[in-house]
Every structure is written in C-alpha cells, then in structure tokens.
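The structure appears below as structure tokens.
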Amino acid sequence: MKRVLILICALVMVFALVGCGYIGGEKAISIALADQGIDRIGTAGNKADLDKSASPAQYKVTLDMNTYFIYYYINAETGEIISSETVDK
C-alpha cells in the first residue's frame with residue numbers, strides 16, 4: 001500500500017513539472033510556421049512568449065520576416081490559432 005501511495009505521489013509531481021498542460025513555445029512557433037507554409041530558415045528570427053494571465057493562456061509568437069512582423073496568438077493548451085496579424089517594421 002505504501003508503494004502505491006509513493007508511486008501516485010511521484011506521478012503527480014512529474015506531471016506538475018512537465019509543463020502544466022501547455023504545448024510549449026517551440027510547438028507554438030512550429031504551428032505558426034506551418035500556418036505560413038515556411039520553416040525557420042524562412043524567417044529572420046522568431047520567438048514565443050507565454051501569457052498565463054490571458055484567458056485562455058496563450059503564446060504570442062513573433063515571426064520576423066525582415067520587412068514586417070507576423071504575430072500569432074496561439075492557445076497554450078490546445079495549440080489552436082486564436083488570431084494572427086501582420087505589422088510593418
């Protein structure tokens with residue numbers, strides 16, 4: 001019985017440390033790049049910032065396309081694209 005309790009506690013701790021159910025910044029960037037039909041080489045740079053205060057929690061992905069930026073807002077739990085916009089530099 002003690003072994004089962006220890007195993008359950010260990011599993012709960014592992015799941016808590018794995019990322020709290022978020023897809024991760026790299027996955028969010030991959031989703032945005034796939035939506036554009038390009039790979040990382042097609043951008044001058046990219047980054048993803050997690051906003052846990054938004055409802056739902058979301059990643060703001062920035063794709064630097066040299067002369068303009070493309071911003072994606074991606075649901076951090078499901079990976080669904082919430083919105084995107086293009087802004088000139």
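Atoms considered below: every heavy atom in the structure, side chains included; atoms not considered: hydrogens, waters and symmetry mates.
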Identify the two heavy atoms, one from G42 and one from M65, that lie closest to each other, and give their separation to 0.1 Å. O-CE, 3.7 Å
The remaining residues in the hydrophobic cluster of I41, counting side-chain heavy-atom contacts under 4.5 Å among Ile, Leu, Val, Met, Phe, Trp and Tyr, are none
Please tabulate, for side-chain N and O atoms in residues 78-89, each donor-acceptor pair with protein atoms closer than 3.5 Å (sequence neighbours left out).
from : atom 1 : to  : atom 2 : distance (Å)
T78  : OG1    : E80 : N      : 3.2
K89  : NZ     : D64 : OD1    : 2.8
K89  : NZ     : D64 : OD2    : 3.3
K89  : NZ     : N66 : O      : 2.9

Would you be so kind as to tabulate the donor-acceptor pairs closer than 3.5 Å made by side chains of residues 29-36, with sequence neighbours excluded?
from : atom 1 : to  : atom 2 : distance (Å)
S30  : OG     : E26 : O      : 3.1
D35  : OD2    : Y72 : OH     : 2.6
Q36  : NE2    : Y72 : OH     : 2.7

So how far is it from Y68 OH to L63 CG, rounded to the nearest 0.5 Å? 9.5 Å
Close side-chain approach of I23 to E77, heavy-atom, < 4.5 Å: no
same_hphob_cluster(I38, V61) at 4.5 Å side-chain heavy-atom cutoff: yes
Do Y73 and F69 belong together in a cluster built from hydrophobic side chains that touch within less than 4.5 Å? yes
Looking at every non-hydrogen atom in both residues, tell me the closest pair between G25 and A48 and how far apart they are. O-CB, 3.7 Å
Applying side chain to side chain donor-acceptor pair (under 3.5 Å), name anything that partners D49, two or more places apart in sequence or on another chain. none
Heavy-atom check, side chain of N75 versus side chain of Q58, under 4.5 Å: no
